[in-house]
Amino acid sequence: MNAHDHHLILGGARSGKSAYAEKIAQESGLEVVYIATAQVYDDEFGKRVDQHQQRRPSHWQTVEVPHQLAATLQQQAAPGRCLLVDCLTLWLAQCICPECAPPEGVDWTHERAILLETLPGLPGKILLVSNEVGMGIVPLGEINRQFQDEAGRLNQAVAAICNKVSFIAAGLPLQLKS
């Protein structure tokens, strides 16, 4: 395995992108660290998080990190280790959404820049799950448009860095870059 094995896995809601990423992590045979970016804001979302947790092997280490993702990746990345980040779009939302109450000093422009600067030098296998949110209409509301724009820009920038990019639809992977 080369030192730079970074894979962006894109898809829409319920596309199977997380399950696909988990399958790749499982099949890698490496030690897996699951980096969960979600914060639970309501019961329904809590149930979704529970379903994800139950699907994962119990021996995987889980690190919960709603902000400062780049620092966590630097701490956790190592040769012979697989990091699975699920997902970049929740991380983005929590950095820009005032209702998500990002901690003092969390600035999206800085967070994004640090991630894009850090990612190319990380050792080991890195799987990054992200939503493709630009296939519908342009949403109403300034924060919604900002989210859609930033998610699209982030996905493009991360895809340029990664040596593999897959798009998942109906549980089926389409290789965009390999």
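Being a predicted model, the structure only gives us computed values, none of them experimental.
- Both Ile24 and Trp60 belong to a single network of hydrophobic side chains, linked directly or stepwise wherever heavy atoms of I, L, V, M, F, W or Y lie under 4.5 Å apart.
- Although no hydrogens or angles enter the test, the distance criterion places no donor-acceptor pair under 3.5 Å between the side chain of Glu31 and the main chain of Val33.
- Between the CG atom of Leu88 and the OG atom of Ser130 there is a distance of 4.5 Å, given to the nearest 0.5 Å.
- Cluster annotation: Leu69 is not connected to Leu127 through the hydrophobic network of ILVMFWY side chains, with a link wherever side-chain heavy atoms come within less than 4.5 Å.
- Atom CD of Gln74 has more than 12 neighbouring heavy atoms from other residues, nucleotides or ligands inside a 6.0 Å radius.
- Of the possible donor and acceptor atoms, none in the side chain of His6 sits under 3.5 Å from a partner among the backbone N and O of Pro120.
- Smallest separation of non-hydrogen atoms from Gln61 and Val63: NE2-CG2, 3.7 Å.
- Follow the hydrophobic side-chain contacts under 4.5 Å out from Leu73 and you reach Val165 in the same cluster.
- Looking at every heavy atom in both residues, Ala151 comes nearest to Val133 through CB-CG2, 3.6 Å.
- Between Lys177 and Cys162, the shortest heavy-atom contact is NZ-O, 2.6 Å.
- Pairs of residues two or more places apart, or lying in two chains, that qualify as ring-ring contact (aromatic ring centres under 6.0 Å, His included) and include a residue from residues 90-143 are Trp91-Trp108.
- Side chain of Arg81 to main chain of Gln76: a donor-acceptor pair is present (N/O by atom type, distance under 3.5 Å, no hydrogens or angles).
- Within 6.0 Å of the CD atom in Glu142, the count of heavy atoms belonging to other residues, nucleotides or ligands does not exceed 12.
- Taking 4.5 Å as the limit, every side-chain heavy atom of Gln26 sits out of range of all side-chain heavy atoms of Val32.
- Ring pair Tyr20/His7 is perpendicular by interplanar angle, where above 60° counts as perpendicular and below 30° as parallel.
- By the 4.5 Å heavy-atom criterion applied to side chains, Leu122 and Leu83 are not counted as neighbours.
- The ring-ring contact (aromatic ring centres under 6.0 Å, His included) contacts involving residues 146-178 comprise nothing, where partners must be two or more places apart or lie in separate chains.
- Across Gly171 and Pro173, no two heavy atoms sit closer than the pair O-CD, 3.9 Å.
- The number of heavy-atom neighbours closer than 6.0 Å to NZ of Lys23, taken from other residues, nucleotides and ligands shown, is 12 or below.
- A donor-acceptor contact shorter than 3.5 Å is absent between the side chain of Gln148 and the backbone of Val138.
- Electrostatic pairing of Glu150 and Arg153 counts as a salt bridge here, judged by a charged N lying under 4.0 Å from a carboxylate O.
- For Ala113, there are no side chain to side chain contact (heavy atoms under 4.5 Å, CB included) partners at least two apart in sequence or on another chain.
- Taking a cutoff of 4.0 Å between a charged side-chain nitrogen and a carboxylate oxygen, Asp5 and Lys164 qualify as a salt bridge.
- Remark: side-chain polar atoms of Ser166 are not paired, donor with acceptor, to backbone N or O of Ile9 under 3.5 angstrom.
- With a 4.5 Å cut-off on side-chain heavy atoms, Arg145 and Pro139 count as touching.
- Residues Arg112 and Leu115 fail the side-chain proximity criterion, which asks for heavy atoms closer than 4.5 Å.
- Scanning both residues, Asn155 and Asn131, for their nearest heavy atoms gives ND2-O, 3.0 Å.
- Minimum interatomic distance between Ala77 and Pro123 (heavy atoms only, all atoms of both residues): CB-O, 3.7 Å.
- Under a hydrophobic-cluster definition in which Ile, Leu, Val, Met, Phe, Trp and Tyr are linked whenever side-chain heavy atoms come within less than 4.5 Å, directly or via other members, Val129 and Leu8 are assigned to different clusters.
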